[in-house]
Amino acid sequence: MEEIRFNLFKSVHNGLRALLADTLLQVQQTDFQVNEQASPAIERIKLVLLLMHRHTKWEDEVVFPKLGTAGQSMSSYFTNQHYHTDALTLSLDILICGFEEAKTKTEKEAIGGNLLNAFVEFTAYNFNHMNMEEQLINPLLWGKYSDLELQKLQLQHFHSFASKTEQLFLQWMLIHNTNRELISWLNSMKQKSTSTLFNLVYDLAQKVLVPERLESINLNVYANEN
């Protein structure tokens, strides 16, 4: 049986995919003539754009250089895809500014429709982009690094989750990864990271996960210390 290697991207990508999908549903259900509906939808889009930007920045600055000269063409390919994501982000930013400056309900409705179309394109592009990264970049990393080294790299990424915005995103990651993945992730934190980071993530899990999931996680993570 083929060995299943550590997927550096999966836990974060799962959270991003869930957030993108949920935001798309929220936006398409929004009546942009009603401020009480439009404002939260706009703020959610802004959150998605910020988190996607921070994630691609980590890939560009930390992950892609790990591929070395042999992976330079692959790095360039995905960096160019990030440029396209930046262009899609700029289009959404322009529409958001236009919406916030709009004076009439007719203008807001028209821009809201354009926002939905632009966000559909943004979501579809990034779904495919993240899938390609996992299929094409992971094998290059596996040829150069052990699973333990890749897990350490992931933990370094989690240490950057200091802001309230990124801690909010941690909830999406916790909810939308499997119990087995969370157990592996938390045990790795407990062994190799600071107690502050482990306690932050573990305490957050207690708040956002349903009891059935917590039972399995607590049994296989925290209870091991007793």
Side-chain angles (χ1 to χ4, degrees), residues 6-27 30 39-64 78 81-82 85-86 88-89 92-93 96 115 119-120 122-131 133-134 137-138 150-190 192-210 213-214 217 221:
F6 178 72
N7 185 334
L8 176 64
F9 301 97
K10 187 178 180 183
S11 59
V12 177
H13 281 178
N14 280 353
L16 288 172
R17 280 188 281 257
L19 181 59
L20 281 163
D22 186 78
T23 303
L24 177 56
L25 292 177
Q26 180 178 349
V27 173
T30 296
S39 293
I42 294 291
E43 291 306 310
R44 174 61 81 81
I45 294 173
K46 289 179 180 179
L47 172 65
V48 170
L49 298 182
L50 175 61
L51 290 172
M52 289 295 299
H53 171 72
R54 290 179 177 176
H55 177 64
T56 57
K57 187 172 185 288
W58 174 72
E59 291 178 340
D60 288 336
E61 296 181 356
V62 178
V63 178
F64 295 169
F78 282 102
Q81 288 207 344
H82 287 172
T85 297
D86 289 342
L88 295 175
T89 298
L92 283 162
D93 282 336
I96 288 171
L115 262 174
F119 195 77
V120 168
F122 182 88
T123 299
Y125 184 82
N126 279 290
F127 267 30
N128 186 59
H129 169 75
M130 288 187 283
N131 197 40
E133 283 182 329
E134 294 188 32
I137 295 179
N138 271 321
L150 295 176
Q151 288 169 358
K152 183 178 179 180
L153 186 62
Q154 184 190 64
L155 285 178
Q156 291 172 356
H157 188 27
F158 292 157
H159 273 288
S160 70
F161 284 19
S163 72
K164 290 184 178 179
T165 299
E166 285 159 328
Q167 290 179 27
L168 175 64
F169 176 57
L170 279 173
Q171 298 182 32
W172 289 86
M173 291 175 60
L174 287 165
I175 294 169
H176 296 286
N177 279 278
T178 69
N179 286 357
R180 183 156 50 87
E181 287 164 337
L182 295 184
I183 290 165
S184 174
W185 173 22
L186 286 164
N187 276 324
S188 181
M189 281 186 182
K190 188 172 62 174
K192 304 168 189 171
S193 190
T194 65
S195 60
T196 301
L197 178 62
F198 170 77
N199 290 335
L200 167 69
V201 178
Y202 181 80
D203 291 345
L204 185 58
Q206 305 304 301
K207 296 176 183 177
V208 302
L209 297 179
V210 297
R213 298 192 66 188
L214 282 175
I217 289 167
V221 179

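Values below: all heavy atoms of this structure, side chains included; hydrogens, waters and symmetry mates excluded. Just so you know, these numbers come straight off a predicted model, no measurement behind them.
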Thr123 side-chain N/O to Phe119 backbone N/O, donor-acceptor pair under 3.5 Å: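 Flag set: sc Thr123 to bb Phe119 pair under 3.5 Å.
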
Donor-acceptor under 3.5 Å (Asn131 side chain, Phe127 main chain):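 Not a single qualifying donor-acceptor pair exists.
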
The single option from Val201, Ile217, Ile175, Asn187 passing side-chain contact (heavy atoms from CB on, under 4.5 Å) against Leu182: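 For Leu182, the side-chain contact (heavy atoms from CB on, under 4.5 Å) test succeeds with only one of Val201, Ile217, Ile175, Asn187, which is Ile217.
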
Residue from Asn177, Asn179, Ile183 passing side-chain contact (heavy atoms from CB on, under 4.5 Å) with Glu181: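 Among Asn177, Asn179, Ile183, the one that satisfies the side-chain contact (heavy atoms from CB on, under 4.5 Å) with Glu181 is Asn177.
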
Shortest non-hydrogen contact from Ala205 toward Leu174: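 That closest heavy-atom pairing would be N-CD1, 3.8 Å.
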
Closest non-hydrogen atom pair between Thr30 and Ala41, with its separation: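 Here Thr30 and Ala41 meet closest at OG1-CB, 3.5 Å.
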
For Gln154, all residues meeting side-chain hydrogen bond (donor to acceptor under 3.5 Å, both in side chains), sequence neighbours excluded: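 Counting only residues at least two positions away or on another chain, Gln154 forms a side-chain hydrogen bond (donor to acceptor under 3.5 Å, both in side chains) with Ser11.
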
For Asn138, all residues meeting side-chain hydrogen bond (donor to acceptor under 3.5 Å, both in side chains), sequence neighbours excluded: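 Scan of Asn138 (side-chain hydrogen bond (donor to acceptor under 3.5 Å, both in side chains), adjacent residues dropped) gives Asn7.
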
Can you measure from [atom1] ([X]) to [atom2] ([Y]) and round to the nearest 0.5 angstrom?
X	Y	atom1	atom2	answer
Thr89	Phe122	OG1	CZ	4.0 Å
Tyr202	Leu186	OH	CG	8.5 Å
Leu197	Leu170	CG	CG	8.0 Å

Looking at side-chain heavy atoms only, is the closest gap between [X] and [Y] below 4.5 Å?
X	Y	answer
Glu59	Ile137	no
Val12	Met173	yes
Glu134	Lys10	yes
Val120	Val27	no
Phe6	Leu153	no
Leu200	Gln167	yes
Gln81	Glu133	no
Leu16	Met130	yes

Partner residues of Phe9 under the ring-ring contact (aromatic ring centres under 6.0 Å, His included) criterion, sequence neighbours left out: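 With neighbours one apart ignored, the set is His13.
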
Residue list, ring-ring contact (aromatic ring centres under 6.0 Å, His included) with His82, at least two apart or on another chain: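 Listed in chain order: Phe64, His129.
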
Cut-off 3.5 Å, no hydrogens considered: what does the side-chain donor-acceptor table look like for residues 43-52, sequence neighbours left out?
from  : atom 1 : to     : atom 2 : distance (Å)
Glu43 : OE2    : Lys46  : NZ     : 3.4
Arg44 : NH1    : Asp22  : OD2    : 2.8
Arg44 : NH1    : Thr23  : OG1    : 3.0
Arg44 : NH2    : Asp22  : OD2    : 3.3
Lys46 : NZ     : Glu100 : OE2    : 2.9

Test side-chain contact (heavy atoms from CB on, under 4.5 Å) applied to Trp172 and Asn14, step by step: CA-CA 8 Å; Trp172 289 86; Asn14 280 353; over 6 Å; no

Residue list, salt bridge (charged side-chain N to carboxylate O under 4.0 Å, His left out) with Arg54, at least two apart or on another chain: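 Checked Arg54 against salt bridge (charged side-chain N to carboxylate O under 4.0 Å, His left out); matches are Glu166.
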
